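Numbers for residues simply follow the sequence, beginning at 1. Remember, predicted model here, so these are calculated numbers, not experimental data.
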Amino acid sequence: MMKDLYKKYFFWFFLGLSFLVLFSFVQNFPAKSFILSGDIYTPIFGKEFFTSSLFETEGRGFLWYGFFWLTDSLSLNHSITLSLYLTFFFLLSYGSFWWLARKFSPLASPFVLFAFSFLYAFNIFVGMLFISGKLFSPLGLLYSIFPFLVGGYWRFFQKPTLERALFFLLFFFIAGTAFIFPLVAVVIGVFFCLYTGVLWIFSSRKYSWKFVLKLLSLWLGVLLVNAYTLWSLCIRFFYGEGVLLPNSGGNQGVVLENAQEISSSLINAFRLIETHFSFFEGISFFGVFFILISFLPLVWIFFGWIVQKRQREKRIFWIFLTLFLCLSLLYTGLSGIGGFLYQKVFIFPEKNIFLTGEIFSLFLPFLGIFLGLLVSQFEHISRKTFAVSAIILSLSASPFFFSLYENNEKEERQSIVILEEDYVSLWRYNKEFLNDTDGSMAIFPYREEESSFEKNILPALLQREIISSHDPYFEKWSHTKTFSQSTENPQWITSLLGVSQTRYILWNKKSSNADSEKEEFLVSKKVLENILETKTFTLYRIADDFVFPLFFVSEKSFALVENPSRILALQEEMKKKYSTEIPYTKSFGKYMLFVDETYSGKDLIFARPFHPFWEAKFIQENESRETITHIRSLGLLNGWELPKFSGKAKVEIVFVPMKFFVVSLYITGIAVLCSILGKIGLYMKKKLYEK
């Protein structure tokens, strides 16, 4: 009897796995394609720009980008890499939900387990494609292991053993990959606070100080296995999620405005459980069909509320229904009743790190599907009916996998971007001829709708900072938007860029005739040197006379004005006053400068766009150290006021989020290694005891 049951479990489990492997490889990712999702992308040249990507994510992207570093090191085709990642997502999502279902519903039939596990993996894939392709970001990995986290924490809460604690810690370490987004760390914290409170209220067990200490020890372990992300997150919390502009009077108004934009109705929280049927609106039959099945999750929850009988069923059902309702309320943002909570708890002046409404949607499909599974195990409920309804809901995603709706809208929602040959040429040229530390690059002329590609992939592709027309330190000079109409000497633009140590301009060939005339003028005056020509753009190098050194000192830090005619004059004035380039050494996230008394009392300028995370310490000959004041120099650069001193000294400039990255990475490594060894040791001890 038991043998036949295991055969059924084996059959249904591997049937689901086979389908998912098939569907993952049905997705045909073109060569030299990558997935662009907001400000996160899947790298093509993972090995080449692993370091720059790590620095860009302030260390939090270590595991995420490490995967692509590994596949690139193994010389795997990028389309194969995406298919492997998709397969990994499918199998992990399916397996984790199956494991959770077995723990909560040990008597569930194999068909029910297959149906709901398949629904979780299959429909969540399509659902995440609709959220700007976030499946292929670290959020997808968090989603796939989320059932392990929920089930692992439940098991520890019921019986806090070392084995269960180690299980939870290892999966929380994997969940830390999603902390590339600081908001996700906040939302995960909010979720587990709610989860703990709900478990505490609905659980029938008695609690003691011993249990509380074990629970606190578990969360201390969570901090240790994610130590490499925590320093950066603390800095983010201190400064706020965004880089604030000076004299802005705070950004609470902006925060509230952004919150309104992401506000959603409560019904949308339920609709996240199934696929969007908008693709089928052109076919009346399919449109009605998908509208009807979108109400299935609501029907599941309604039946659960009506027919629950046994005390244990009621307790578990209400634990997860309460979680679902609380997170749905948070997901609504500032709409309706949720507005009071957001304004009192999640909105702080200049701290928009708490603007999290959209991120709460990540948990709702899981909770909705899991509630359906729980209801299917109640007495007087037809399990087969629930399983079939889950399969129907899953199949609503099938057209996307069999390419029945190949159109531009689908590709846009998947955020698939093909790397054009021009950009491959640019990458090769940068790798072979350009010094990686040799200045920034500007995209010019200004365009109202700058492509997501240039905004996100170019910095990593070229391993250098890209000065964009949309960046706050550049957009401030509004005349860059009207470059074509300016009657001034066009050399002012190279002067403006040169002050920020921008050595290259990527000039789009789709520019206007007026732009082209100014381009020809700059080339004729030998201000710009053509170094690479493609069908899409021309890459220019700015003449050395217009480019300032990375570090220099000035008598005073004055702001550049908006009048183009003054920028050129101010640059000439500054050249007469600043010193020769200051000697320095560079390591990961840190510069060490060597200065003498000729720089005493002057302003030290770091020719990189202003960012509050840069910190400088003045080190005298006797090794005494003091933090010096960080200022916005020239209106767009980092600057520090050097104190009065004699003799020689050093200035240490550090990007604060990377300050303790190596140390925290060691802490994480040791904690994870101990967890793995502990888990193995407990398993071997258990096997020996059984013998």
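- Between Phe191 and Phe146, the ring centre distance stays below 6.0 Å.
- For Phe19, the CZ atom sits in a loose shell: 12 or fewer heavy atoms of surrounding residues, nucleotides or ligands are nearer than 6.0 Å.
- For Phe171 and Phe167, the ring centers are positioned less than 6.0 Å apart.
- Between Phe118 and Phe97, the ring centre distance reaches or exceeds 6.0 Å.
- For Tyr143 and Tyr120, the ring centers sit closer than 6.0 Å to each other.
- We find that Lys535 and Glu420 are not joined by a salt bridge, their nearest charged nitrogen and carboxylate oxygen being 4.0 Å or further apart.
- The ring of Tyr153 has its center closer than 6.0 angstrom to the ring center of Phe192.
- Listed by chain and number, the residues in a side-chain hydrogen bond (donor to acceptor under 3.5 Å, both in side chains) with Ser425 amount to none (sequence neighbours excluded).
- Pairs passing the salt bridge (Lys or Arg N to Asp or Glu O under 4.0 Å) check and including a residue from residues 70-95, sequence neighbours excluded, do not occur.
- Shown here are the side-chain hydrogen bond (donor to acceptor under 3.5 Å, both in side chains) partners of Lys679, two or more places apart in sequence or in another chain: there are none.
- Counting non-hydrogen atoms of neighbouring residues, nucleotides and ligands closer than 6.0 angstrom, the CH2 atom of Trp507 exceeds 12 such neighbours.
- Applying the side chain to side chain contact (heavy atoms under 4.5 Å, CB included) test to Tyr683 and every residue at least two apart in sequence or in another chain returns Lys687.
- Ring geometry for Trp231 against Phe660 counts as perpendicular: the plane angle is over 60°, on a 0 to 90° scale with 30° as the lower cut.
- The shortest distance between side-chain heavy atoms of Phe613 and Glu58 falls below 4.5 Å.
- Evaluation of the side-chain hydrogen bond (donor to acceptor under 3.5 Å, both in side chains) rule for Lys509 yields Glu533 as partners, not counting sequence neighbours.
- Taking the centre of each ring, Phe172 and Trp219 come in below the 6.0 Å mark.
- Not a single salt bridge (Lys or Arg N to Asp or Glu O under 4.0 Å) links Lys617 to another residue, sequence neighbours left out.
- Other residues, nucleotides and ligands contribute more than 12 heavy atoms inside 6.0 Å of the CZ atom of Phe594.
- Scanning all heavy atoms of the two residues, the minimum distance from Phe366 to Pro147 falls at CE1-CG, 3.8 Å.
- Residues Phe179 and Val186 are not in side-chain contact: their nearest non-hydrogen atoms beyond the backbone lie 4.5 Å or more apart.
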